[in-house]
Amino acid sequence: MLDLERLRALNAVATYGSVSAAAEVLHVTTSAVSQQVAKLERETGQKLLERNGRGVRLTDAAALLAAHAERILAMVEAAESDLEAQRGAVVGELAITAFPTAARGLMPGALGRLAKEHPLLTVTLRELEPHASLPLAARGEIDLGIVQDWFNVPLAIPDGLVKAPLLDDVADAALPAGHPLADREVIDLADLRGEAWIAQSAGAICRDWLEHTLRTAGLEPRVSHTADEYATQLALVAAGLGSAILPRLGRCDVPPGVRIVAVRPALTRHVYGIWRAEAARRPAIRAAVAALRAAATDLGLNTPVPHGE
């Protein structure tokens with residue numbers, strides 16, 4: 001009978017392309033992975049890995065077996081999820097990733113609630129951007145990812161993942177106190193034509209969204225300063241060095257010298273939880289989603305729940 005852990009080792013080598021990468025993902029040594037594959041070779045009577053320069057490549061037999069291993073591991077995950085659901089207890093381990101503002105704004109309240117209500121559940125949190133969380137969730141390396149997209153730039157969710165909305169987060173303009181528009185309650189995006197912007201570094205999801213949104217409105221973005229932390233952006237705004245667009249979830253204490261003004265039409269991003277379909281029945285995931293929505297409600301943020309969820 002094929003050993004599950006040996007199949008897991010082979011599947012990791014096939015997925016990540018090397019023994020060392022597989023060892024890193026599995027949190028074991030490269031020697032341990034090599035030994036598992038060697039034992040699998042003896043079990044099957046087939047050569048599974050061949051030298052390829054300084055690395056290895058899968059033989060045809062290994063590629064065939066790795067494809068079966070992926071399906072077997074998915075079935076095991078589904079079985080574990082069903083057993084956990086049948087038992088109904090929120091127990092075990094839950095690995096969560098969250099993008100930075102969710103990690104700071106949502107997770108402390110949610111994790112505190114989970115620790116109080118479900119003391120037998122062990123949760124670990126990693127701060128990661130959505131595009132890094134998606135493949136980890138798809139491969140089952142994390143149990144739950146907290147991701148976001150903007151109303152006009154949807155995030156592509158890989159096959160095999162399901163999602164649930166956690167909250168809608170509105171973004172406002174942060175203007176220097178001396179700005180001509182600082183005393184208004186609401187402004188149109190077009191009013192900010194020619195503005196000097198303070199934004200995230202190039203390539204960040206919110207920076208890409210800002211540039212796309214401004215260009216869609218006929219405004220060419222002129223980014224004068226970059227800072228990835230919203231607190232730093234606010235400090236630069238307070239110094240009169242430009243304006244910024246800040247989601248309410250990411251807004252920290254607003255310093256003197258900054259005015260927060262609503263933008264029309266509303267600039268909204270959607271925050272989701274994502275997980276593998278095979279794990280959908282796990283009580284731990286449902287408990288985490290409930291805790292995240294409760295944390296959002298405590299912050300006064302909108303928490304939409306789709307019909308039938």
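Judged by distance alone, with hydrogens and angles left aside, the side-chain atoms of Asp191 form a donor-acceptor pair with the main-chain N or O of Asp188 at under 3.5 Å. Without hydrogens or angle criteria, Arg269 side chain to Trp150 main chain gives no donor-acceptor distance under 3.5 Å. A donor-acceptor pair under 3.5 Å links the side-chain atoms of Arg276 to the main chain of Ala138, judged by distance alone. Using a distance-only test at 3.5 Å, with no hydrogens or angles considered, a donor-acceptor pair links the side chain of Arg193 to the main chain of Gly218. A distance-only check finds no donor-acceptor pair linking the side chain of Arg251 to the backbone of Ala231 [under 3.5 Å]. Between the side chain of Asp143 and the backbone N or O of Ala95 there is at least one donor-acceptor pair closer than 3.5 Å. Proximity of a side-chain donor or acceptor of Gln200 to a complementary backbone N or O of Cys206 within less than 3.5 Å is not detected.
In summary, Asp60 and Lys47 do not engage in a salt bridge, as defined by a charged side-chain N under 4.0 Å from a carboxylate O. At a threshold of 4.0 Å, the pair Asp169-Arg248 does not count as salt-bridged, since none of the basic side-chain nitrogens sits closer than that to a carboxylate oxygen. Salt bridge status for Arg8 with Asp3: absent, with no side-chain N to carboxylate O gap under 4.0 Å. A salt bridge links Arg215 with Glu220: at least one charged nitrogen is closer than 4.0 Å to a carboxylate oxygen.
At least one side-chain heavy atom of Ile96 sits under 4.5 Å from a side-chain heavy atom of Val123. Contact check for Leu49 versus Val13: side-chain heavy atoms found under the 4.5 Å cut-off. By the 4.5 Å heavy-atom criterion applied to side chains, Leu94 and Arg282 are counted as neighbours. Side-chain contact between Pro158 and Pro135 is absent, with no heavy-atom pair separated by less than 4.5 Å. Using a 4.5 Å heavy-atom cutoff, the side chains of Leu7 and Asn11 are not in contact. Considering only heavy atoms from C-beta on, Ile187 stays 4.5 Å or farther from Arg264 through its side chain. A 4.5 Å side-chain heavy-atom check between Leu214 and Leu189 finds at least one atom pair inside the cut-off. A 4.5 Å side-chain heavy-atom check between Leu40 and Leu10 finds at least one atom pair inside the cut-off.
When the side chains of ILVMFWY residues are joined at heavy-atom separations under 4.5 Å, either directly or via intervening members, Val56 and Leu48 end up in a single hydrophobic cluster. A single hydrophobic cluster is not seen to contain both Leu136 and Tyr272; linkage of ILVMFWY side chains at heavy-atom distances under 4.5 Å, directly or through other members, places them apart. Cluster membership check: Leu111 shares its hydrophobic cluster with Trp275, using side-chain heavy-atom separations under 4.5 Å among Ile, Leu, Val, Met, Phe, Trp and Tyr. Under the 4.5 Å side-chain contact rule for hydrophobic residues, Phe99 and Tyr230 do not share a cluster. No path of Ile, Leu, Val, Met, Phe, Trp and Tyr side chains, each step under 4.5 Å between heavy atoms, connects Ile157 with Leu144, placing them in separate hydrophobic clusters.
Nearest heavy-atom pair, Val90 versus Ala284, reported as atom, atom and distance to 0.1 Å: CG1-CA, 3.8 Å. Closest approach of Leu155 to Gln148, counting heavy atoms only: CD2-O, 3.9 Å. Annotation for Arg293 and Leu166: closest pair CG-O, 3.9 Å, computed over non-hydrogen atoms. Nearest approach of Val237 to Ala174, heavy atoms of both residues: CG1-O, 3.7 Å. The shortest non-hydrogen separation linking Glu278 to Gly160 is OE1-O, 4.4 Å. Across all their heavy atoms, Ala295 and Gly109 have their closest contact at CB-C, 4.2 Å.
One finds the CG atom of Leu249 at 4.5 Å from the OG1 atom of Thr101 (value rounded to the nearest 0.5 Å). Taking CD1 from Ile142 and OG1 from Thr97, the interatomic distance works out to 3.0 Å, rounded to the nearest 0.5 Å. Atom CG of Leu234 sits about 9.0 Å away from atom OG1 of Thr232, to the nearest 0.5 Å. Separating the CG atom in Leu167 from the CG atom in Leu299 is a distance of 8.5 Å, to the nearest 0.5 Å. In this structure, Leu161 CG and Arg139 CZ are separated by 11.0 Å, a value rounded to the nearest 0.5 Å. Here Asp172 contributes atom CG and Arg259 contributes atom CZ; the two are 14.5 Å apart, rounded to the nearest 0.5 Å.
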Going through the distances and angles, do Leu134 and Ile274 end up as a side-chain contact (heavy atoms from CB on, under 4.5 Å)?
CA-CA 8 Å; Leu134 288 174; Ile274 57 165; 3.2 Å; yes
Could you walk me through whether Val147 and Lys163 satisfy the side-chain contact (heavy atoms from CB on, under 4.5 Å) test, starting with their C-alpha distance in whole Å, then the side-chain angles of each, then the deciding distance to 0.1 Å, before giving a yes or no?
CA-CA 10 Å; Val147 301; Lys163 68 178 185 179; over 6 Å; no
Please evaluate residues Val170 and Val263 with respect to the criterion side-chain contact (heavy atoms from CB on, under 4.5 Å), reporting the C-alpha separation (whole Å), side-chain torsions for both, the decisive distance (0.1 Å), and the verdict.
CA-CA 9 Å; Val170 176; Val263 178; over 6 Å; no
Tell me, with the steps shown, if Thr226 and Arg207 meet side-chain contact (heavy atoms from CB on, under 4.5 Å).
CA-CA 9 Å; Thr226 61; Arg207 167 70 175 271; 3.5 Å; yes
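Here Asp228 pairs with nothing under the salt bridge (Lys or Arg N to Asp or Glu O under 4.0 Å) rule; sequence neighbours left out. With sequence neighbours excluded, no residue forms a ring pair (Phe, Tyr, Trp, His ring centres under 6.0 Å) with Trp197. Scored by the salt bridge (Lys or Arg N to Asp or Glu O under 4.0 Å) test, Arg104 finds no partners at all (sequence neighbours excluded).
Looking only at atom types and distance, the side chain of Ser20 has a donor-acceptor partner in the side chain of Ser18 under 3.5 Å away. Side chain to side chain, Asn152 and Thr213 meet the donor-acceptor criterion of an N or O pair below 3.5 Å. Between the side chains of Thr59 and Glu50, not a single donor N or O lies within less than 3.5 Å of an accepting N or O. Using modelled atom types and a 3.5 Å distance limit, the side chains of Asp149 and His270 yield no donor-acceptor pair. In this model, a donor atom of one side chain and an acceptor atom of the other lie less than 3.5 Å apart for His179 and Glu195. Under the 3.5 Å distance criterion, with hydrogens and angles disregarded, no donor-acceptor pair is assigned to the side chains of Glu129 and Ser133.
Under a cut-off of 6.0 angstrom, the local environment of CD in Glu43 is crowded, with over 12 non-hydrogen atoms contributed by other residues, nucleotides or ligands.
Relative orientation of the Trp209 and Phe151 rings is perpendicular, given thresholds of 30° and 60° on the angle between their planes.
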